[in-house]
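In this chain, residues are counted from 1 in sequence order.
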Amino acid sequence: MTKGTYSKGKRNHKSHSLCPRCGRKAFHKKKKSCAACGYPNPKTRKYNWCTKASRRKKTGTGRMRYLRRALKRRSNRRRFEALPALLRKAILTAAQVTEKRMPPRRDIHKQYKKLKIKIAERRQKREKF
């Protein structure tokens, strides 16, 4: 057998197909294992001699459907907790009144004014006493 055109024509069976876990065409049909991620194995295939490959597979290279939302919630929570106590209370009361998760700005402003008036009345009562 020669190593030219004749032998190239014999290469018509595929040994690898798409992997159910990583989606790459590295799943060996007969061995039933993925060459890229080691699929039936619960641990993902990773070696230190190939650092670039691990960088390509890391968190943040894909869509991060859940993690992106989780990080956004955390940053929003931090921003909310950094607000002054009076404004925070105004937002929470406006949310209860309007029955919306994020109430409109005008409703927040109304509640903020009401809270300020209450505080001013309390100060006047203390001064009178």
Side-chain angles (χ1 to χ4, degrees):
M1 193 192 296
T2 58
K3 56 184 178 182
T5 315
Y6 176 76
S7 58
K8 299 291 181 200
K10 300 230 177 210
R11 306 192 313 181
N12 60 356
H13 74 283
K14 293 184 177 92
S15 56
H16 291 92
S17 65
L18 294 175
C19 174
R21 180 158 66 185
C22 66
R24 288 177 65 180
K25 190 178 166 280
F27 187 74
H28 200 281
K29 291 178 187 176
K30 289 180 183 174
K31 290 182 188 175
K32 298 278 187 270
S33 67
C34 180
C37 69
Y39 165 58
N41 228 3
K43 288 185 179 179
T44 311
R45 179 182 168 275
K46 182 182 88 74
Y47 293 103
N48 289 334
W49 49 259
C50 194
T51 50
K52 275 189 179 177
S54 61
R55 250 184 274 150
R56 288 185 206 114
K57 295 174 187 177
K58 269 190 175 174
T59 310
T61 54
R63 281 172 64 184
M64 296 201 319
R65 291 183 287 263
Y66 171 75
L67 194 60
R68 196 174 349 127
R69 251 183 261 124
L71 292 170
K72 191 71 182 166
R73 278 200 307 269
R74 186 178 72 180
S75 64
N76 286 343
R77 195 177 300 120
R78 282 181 180 168
R79 279 180 66 188
F80 181 73
E81 287 168 0
L83 291 172
L86 195 65
L87 188 58
R88 238 183 301 154
K89 194 173 181 182
I91 292 168
L92 292 172
T93 51
Q96 283 179 345
V97 170
T98 58
E99 296 176 357
K100 291 181 180 177
R101 240 182 97 247
M102 188 61 215
R105 191 167 276 178
R106 65 173 183 269
D107 293 326
I108 295 169
H109 196 67
K110 281 179 188 176
Q111 296 298 326
Y112 188 73
K113 278 185 175 179
K114 284 181 183 177
L115 288 170
K116 275 204 158 187
I117 291 166
K118 278 185 182 179
I119 290 169
E121 287 173 359
R122 284 180 195 157
R123 281 184 187 157
Q124 284 178 353
K125 282 182 182 177
R126 277 191 221 129
E127 287 172 7
K128 286 178 182 176
F129 187 71

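Closest heavy-atom contact between Met102 and Ile108: CE-CD1, 4.0 Å. Arg68 and Arg63 make their closest contact through NH2-O, 2.7 Å (heavy atoms, listed as atom of the first residue, atom of the second, distance). Pro103 and Ala95 make their closest contact through CG-N, 3.7 Å (heavy atoms, listed as atom of the first residue, atom of the second, distance). For the pair Ser7 and Gly4, the tightest heavy-atom approach, listed with the atom from each and the gap, is OG-O, 3.0 Å. Taking each heavy atom of Ser17 and Lys29 in turn, the nearest pair found is CB-CE, 3.8 Å. Between Arg88 and Glu81, the shortest heavy-atom contact is NH2-O, 3.6 Å.
Both Tyr112 and Leu92 belong to a common hydrophobic cluster when Ile, Leu, Val, Met, Phe, Trp and Tyr are linked at side-chain heavy-atom distances under 4.5 angstrom. In terms of hydrophobic clustering, with Ile, Leu, Val, Met, Phe, Trp and Tyr side chains grouped at heavy-atom distances under 4.5 Å, Leu86 and Val97 are assigned to different clusters.
Side-chain contact between Lys89 and Leu115 is present, with heavy atoms from C-beta onward closer than 4.5 Å. Looking at heavy atoms from C-beta onward, Cys22 lies out of side-chain contact with Tyr39 at the 4.5 angstrom threshold.
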Kindly list each side-chain donor-acceptor pair under 3.5 angstrom involving residues 119-129, sequence neighbours excluded, with atom names and distances?
none

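Not one N or O on the side chain of Thr44 forms a donor-acceptor pair closer than 3.5 Å with the backbone of Cys37. With hydrogens and angles disregarded, no donor-acceptor distance shorter than 3.5 Å links the side chain of Arg24 to the backbone of Cys19.
Scanning for ring-ring contact (aromatic ring centres under 6.0 Å, His included) contacts around His109 gives an empty result, with sequence neighbours left out.
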